[in-house]
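Working notes for the structure below.
Note that this is a predicted model, so its numbers are computed, not measured.
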Amino acid sequence: MARPPSKQPTDGELELLKILWEIGPAGLGQIHTAVQDLRPAAMTTVATMLKTMHTKGLVAREDGPRGYAWSAVSTRQATASGLVGKLVSHVFDGSARRLVAHLIEDGTLDDRERAEILDLLQRPEPGTPARKPKTKGGYAC
């Protein structure tokens with residue numbers, strides 16, 4: 001029995017999603033031109049990829065004056081969450097700590113990125129109320 005197609009985008013599909021996130025809904029010609037700026041690709045290849053992505057639910061299409069207008073269904077954030085989640089699950093045994101440790105130990109992060117991560121870690125989690133400092137006699141402890 002064949003396995004069901006993945007809902008995650010391939011590298012080529014991710015390339016098209018990035019284009020659609022950048023320019024918004026677009027016709028095949030405009031998408032093809034944007035791909036051509038990155039690498040050589042036949043118009044028919046781009047059209048086939050868009051059809052496959054439509055089947056996977058990654059893009060939507062609407063009738064336009066000169067063919068279909070294609071748009072990304074998933075946001076950049078949702079797509080990133082899915083891809084990172086799959087990476088953490090399959091490569092790092094479900095441990096986000098292992099992923100971050102890998103990035104740090106691998107030397108992938110520069111000083112600015114390390115500082116940004118530290119800043120993120122020190123922020124309260126979204127949805128949690130900010131804690132007020134304990135006071136004693138009107139002074140913060």
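- The shortest heavy-atom contact between L58 and L17 is O-CD2, 3.7 Å.
- I23 and M49 fall within the same hydrophobic cluster, where Ile, Leu, Val, Met, Phe, Trp and Tyr residues are linked whenever their side-chain heavy atoms come under 4.5 Å apart, directly or through other members.
- By the 4.5 Å heavy-atom criterion applied to side chains, P9 and L83 are counted as neighbours.
- We find the OG-CZ distance between S71 and R61 to be 11.5 Å, quoted to the nearest 0.5 Å.
- A donor-acceptor contact closer than 3.5 angstrom links the side chains of T108 and D106.
- Within 6.0 Å of the CD atom in E22, the count of heavy atoms belonging to other residues, nucleotides or ligands does not exceed 12.
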Would you check, one step at a time, whether the test side-chain contact (heavy atoms from CB on, under 4.5 Å) holds for I104 with I117? CA-CA 11 Å; I104 292 169; I117 289 171; 5.8 Å; no
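- Considering only heavy atoms from C-beta on, V84 comes within 4.5 Å of L99 through its side chain.
- Both L38 and V46 are members of a single hydrophobic cluster when ILVMFWY side chains are connected at heavy-atom separations under 4.5 Å.
- Cluster membership for L14 and L87, using ILVMFWY side-chain heavy atoms within less than 4.5 angstrom, is not shared.
- Rounding to the nearest 0.5 angstrom, the gap separating the CZ atom in R39 from the CG atom in D37 is 12.0 Å.
- In terms of modelled atom types and a separation under 3.5 Å, the side chain of K7 and the main chain of G57 share no donor-acceptor contact.
- The two residues I31 and A26 come nearest to each other via the heavy atoms CD1-O, 3.7 Å.
- In summary, E116 and R112 engage in a salt bridge, as defined by a charged side-chain N under 4.0 Å from a carboxylate O.
- Note that the OH atom of Y68 and the CG atom of L50 stand 11.5 Å from one another [nearest 0.5 Å].
- Interatomic distance, CG of L16 versus NE2 of H32, reported as 10.5 Å (0.5 Å rounding).
- Within the 3.5 Å criterion, the main-chain N or O of G85 finds no donor-acceptor partner in the side chain of S89.
- Taking every heavy atom of both residues into account, E13 and Q8 meet most closely at OE1-O, 4.1 Å.
- With salt bridges taken as basic N to acidic carboxylate O contacts below 4.0 Å, one links R123 and D119.
- Between L20 atom CG and Q30 atom CD the span is 9.0 Å, to the nearest 0.5 Å.
- Of all the heavy atoms in F92 and H102, the pair that sits closest is CE2-CB, 3.7 Å.
- A chain of hydrophobic side-chain contacts below 4.5 Å, direct or via other Ile, Leu, Val, Met, Phe, Trp or Tyr residues, connects W21 to M53.
- Side-chain N or O atoms of Q36 include one that pairs as donor or acceptor with a backbone N or O of A41 at under 3.5 Å.
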Residues K56, T10; criterion side-chain contact (heavy atoms from CB on, under 4.5 Å); working and verdict: CA-CA 11 Å; K56 291 170 77 170; T10 64; 4.3 Å; yes
Using side-chain contact (heavy atoms from CB on, under 4.5 Å), reason through W70 and H54 one step at a time and then give a plain yes or no. CA-CA 9 Å; W70 298 89; H54 184 257; 3.9 Å; yes
